[in-house]
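Shown next, in structure tokens, is the structure this report addresses.
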Amino acid sequence: MKIAAVRGFRDILPEESAVWQRMETQARASFAAYGFSEIILPVIEKTELFARAIGETTDIVEKEMYTFTDRDESSLTLRPEGTASVIRAYIEHSLSHREPVSKLFYLGPMFRRERPQKGRYRQFHQIGAEILGRDDPLIDAELLLMLNDFFTALRLDVAIDVNSLGDAACRPRYRESLRAFGESKLAVLCENCHARLQRNPLRLLDCKEPGCRQAMADAPALTDFLCDPCRDHFTRVQAYLHQENVAFALNPRLVRGLDYYCRTSFEVIAQGLGSQNAVCGGGRYDGLVEQLGGPAVPGIGFAIGVERLVMLLQTQEHDLSPAPDLFIVPLGEAAESQAFSLARRLRQGGARVELESGSRGLKAQMRRAGKLGARYVLILGENELVAGKGTVRDMQSKSDRPMAIDLTLPAPAMIEAIRNVSSQPSADKD
RNA sequence: GUGGGUGUAGCUCAGCUGGCAGAGCACUGGGUUGUGGCCCCAGGGGUCGAGGGUUCAAAUCCCUUCACUCACCCCA
């Protein structure tokens, strides 16, 4: 009986992991430019951490977490997101005492037990970044700038949506106003929205049901309810973005699903991913550190969905695994044994070398070399063994122009000699 | 958790109202005793997702089940 991977969990095969690596490298580069350092976090935390950070009544905490009881009866959970852990670590190691501002990024697997679909898995990966310690608009803008730079560097065509969710001073008033408005439209709202009305009225704004959209079209706007400090903050964030020509759309219906968000909130939306089209989401969470037992330190951050981003990159280009510089073709057992050592020497000299089995025919091996896209082929047959010289061919040249290379040369000299094969001035009449 | 779609070769998929399990690509060997790509010939590969039922006969019809997938929900 075959054993398959667990539902919602999957393997990343080389074709995809190559794209993955490229994206990760770019993230590290972009984040470093803005002064972020990596924090490597555990995958398991106490359940209580997420319950308190994300919100007891969110879907994530209520029905999507992989929670289990450890042998000592404590309740542990596979992390469903990264921000809570960053803040736990921030408090635990008193980072606020060491420096006034911490810029941290992390990457790794997250776990949510949802029904899998395109762009949504039970184990998925996020790259996240957090800035703890500053709440001025410049910081919000800087974080968005960094995101913009990152997506631009990857040549991805995405749209950034921005909104302000207000804070503890103004949001409650808005929530009540929205609830009242929702009550008045009760008859036309869908069943889901009836539930939202009770649990989280803000979510009425982003229902996809056409009827609900229409009903909520002239609902009170959050922007009209912002208190003066929040309004001012948001205005200045936008001013910085304009100053740097960052394209973004103001989306007053943008609502985030985690309870801790306030003020500046944003999403990065991509085309061509189906319904799971948010590749990045984030926002400010000023009360969260305090709420988790730390000092009153403001914070803002985002998380990028790696799988979704990789899917995007794959539709735009396809990376191939690296082609070997040299493909060694041994003919027979004696040649194979020599080729084995030769391959190792050249690899240690820095060349990418592929080696076939000496039991296969010349034609088959040449075919394989062509398939892999090898630049040069070195043939090691009876003749070559006697002469102590390998026959080298440049696979990119159409004419058959083999060169004999001395097998006793040290690796660097041999690599040099092989490279020279293609620059030989011998009659080349392509 | 709720709906829809799909399960046949390594991959993409044909296979009608039941009648010998198929194609393309990939892989292997050959056409040229030692020179790839194009072309030609040949070959290996299958529990037709699983279990049960109907039938002389099931990939095909019926039931059950599992998996995958898309959407809702939610989110990255």
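Heavy atoms only: backbone and side chains are in, while hydrogens, waters and symmetry mates are out. Convention: sequence-line order gives letters A, B, ...; per-chain numbering from 1.
The same atom, P, is picked in B:G31 and in B:G36; the two are 12 Å apart, to the nearest Å. With C1' as the reference atom, B:C74 and B:G18 are 46 Å apart, rounded to whole Å. Atom C1' of B:C75 sits at a distance of 35 Å from the matching atom of B:U64, rounded to the whole Å. On the C1' atoms, B:C11 is 12 Å away from B:C27, given to the nearest whole Å. Remark: the separation of the P atoms in B:G37 and B:C72 is 48 Å, to the nearest Å. Distance noted for atom P between B:C20 and B:A59: 10 Å (whole Å). Comparing B:G15 with B:G22, their C1' atoms are spaced 7 Å from each other, to the whole Å. A distance of about 28 Å separates the P atoms of B:U65 and B:C56, rounded to the whole Å.
Here A:Glu382 lies in heavy-atom contact (under 4.0 Å) with a base. Within 4.0 Å (heavy atoms only), A:Ala374 reaches no atom of the nucleic acid at all. If you check every strand for non-hydrogen atoms under 4.0 Å, A:Gln276 touches a base. Among the atoms of the strands shown, only primed sugar atoms or phosphate atoms (P, OP1, OP2) are found under 4.0 Å from some heavy atom of A:Arg196. Across all strands, A:Ala303 comes closer than 4.0 Å only to sugar-phosphate atoms, never to a base (heavy-atom distances). Using a 4.0 Å heavy-atom criterion, one finds that A:Ile127 contacts no nucleic acid atom at all. Contacts of A:Lys363 with the nucleic acid, taken as non-hydrogen atoms under 4.0 Å apart, include base atoms. A:Tyr121 comes within contact range of at least one nucleobase, with a heavy-atom separation under 4.0 Å. Within the nucleic acid shown, A:Gly282 has no heavy atom closer than 4.0 Å to any nucleic acid atom. At the heavy-atom level, A:Glu384 lies under 4.0 Å from base atoms of the strands shown. Residue contacts for A:Gly381: at a heavy-atom cut-off of 4.0 Å it reaches a base atom on one of the strands shown.
In this structure, A:Thr83 and A:Tyr106 approach most closely via the heavy-atom pair N-OH, 3.8 Å.
Between the CZ atom of A:Phe327 and the P atom of B:U35 there is a distance of 16 Å, given to the nearest Å. Rounded to whole Å, atom P of B:G37 lies 16 Å from atom CD of A:Gln396. When rounded to the nearest whole Å, the span between CE of A:Met23 and P of B:A76 equals 16 Å. Rounded to whole Å, the distance from CZ on A:Phe302 to C1' on B:C75 is 17 Å. The separation between A:His194 atom NE2 and B:C73 atom P is 15 Å, rounded to whole Å. The interatomic distance linking A:Phe50 (CZ) with B:C75 (C1') rounds to 16 Å, in whole Å. Distance, A:Lys118 NZ to B:G4 C1': 17 Å, rounded to whole Å. Rounded to an integer number of Å, the gap from CD of A:Glu62 to P of B:G1 is 15 Å.
Distances shown here put every side-chain N or O of A:Thr391 at or beyond 4.0 Å from the OP1 or OP2 atom of B:G34. Dashed line: the shortest gap from a side-chain N or O of A:Lys63 to OP1 or OP2 of B:C73 is not under 4.0 Å. Between B:U28 and A:Arg360, a contact under 4.0 Å exists linking OP1 or OP2 to a side-chain N or O. Side-chain N/O atoms of A:Gln117 include one lying less than 4.0 angstrom from OP1 or OP2 on B:A71. Phosphate proximity of B:C68 to A:Arg7: present, with a side-chain N or O under 4.0 Å from OP1 or OP2.
Under a cut-off of 6.0 angstrom, the local environment of CD in A:Glu92 is crowded, with over 12 non-hydrogen atoms contributed by other residues, nucleotides or ligands. Other residues, nucleotides and ligands contribute more than 12 heavy atoms inside 6.0 Å of the CD atom of A:Glu183.
Electrostatic pairing of A:Arg10 and A:Glu16 counts as a salt bridge here, judged by a charged N lying under 4.0 Å from a carboxylate O.
Between A:Phe36 and A:Phe105, the ring centre distance reaches or exceeds 6.0 Å.
Nucleotide B:G45: unpaired (no Watson-Crick or G-U wobble partner with both distances less than 3.5 Å). Nucleotide B:G7 has B:C66 as its partner under the Watson-Crick or G-U criteria, with both atom distances under 3.5 Å. Searching all strands for a Watson-Crick or G-U wobble partner of B:G36 with both distances below 3.5 Å returns nothing. Nucleotide B:G1: paired with B:C72 (Watson-Crick or G-U wobble, both distances less than 3.5 Å). Across all strands shown, B:C13 is found opposite B:G22 as a Watson-Crick or G-U wobble partner, with both distances under 3.5 Å.
In the set B:A76, B:U35, B:C74, B:U35 carries the atom at the smallest distance from any side-chain atom of A:Pro402. Side-chain proximity of A:Lys371 to the nucleotides B:C27, B:G36, B:U35 is greatest for B:C27. The side chain of A:Ile379 sits closest to B:U35 out of B:G36, B:U35, B:C75.
With a 4.5 Å cut-off on side-chain heavy atoms, A:Leu204 and A:Lys185 do not count as touching. At least one side-chain heavy atom of A:Leu178 sits less than 4.5 Å from a side-chain heavy atom of A:Leu205.
Between the base of B:G1 and the side chain of A:Glu114 there is no donor-acceptor pair shorter than 3.5 Å. A donor N or O paired with an acceptor N or O is not found under 3.5 Å between the base of B:C73 and the side-chain atoms of A:Arg115. At a cut-off of 3.5 angstrom, the base of B:C75 holds at least one donor-acceptor pair with the side chain of A:Arg308. Residue A:Arg368 places no side-chain atom within donor-acceptor reach of the base of B:G36, judged by atom type and a 3.5 Å distance cut-off alone.
Residues A:Asp167 and A:His233 bring no donor and acceptor atom of their side chains to less than 3.5 Å of each other.
When each of A:Ala5 and A:Leu273 is assigned the nucleotide of RNA chain B bearing its nearest heavy atom, the one mapping closer to the 5' terminus is A:Ala5. Along RNA chain B, the nucleotide nearest to A:Gly370 and the one nearest to A:Arg120 differ in position, and the one closer to the 5' end is contacted by A:Gly370.
A donor-acceptor distance shorter than 3.5 angstrom exists from the side chain of A:Asp406 to the backbone of A:Thr408, with no hydrogens or angles considered.
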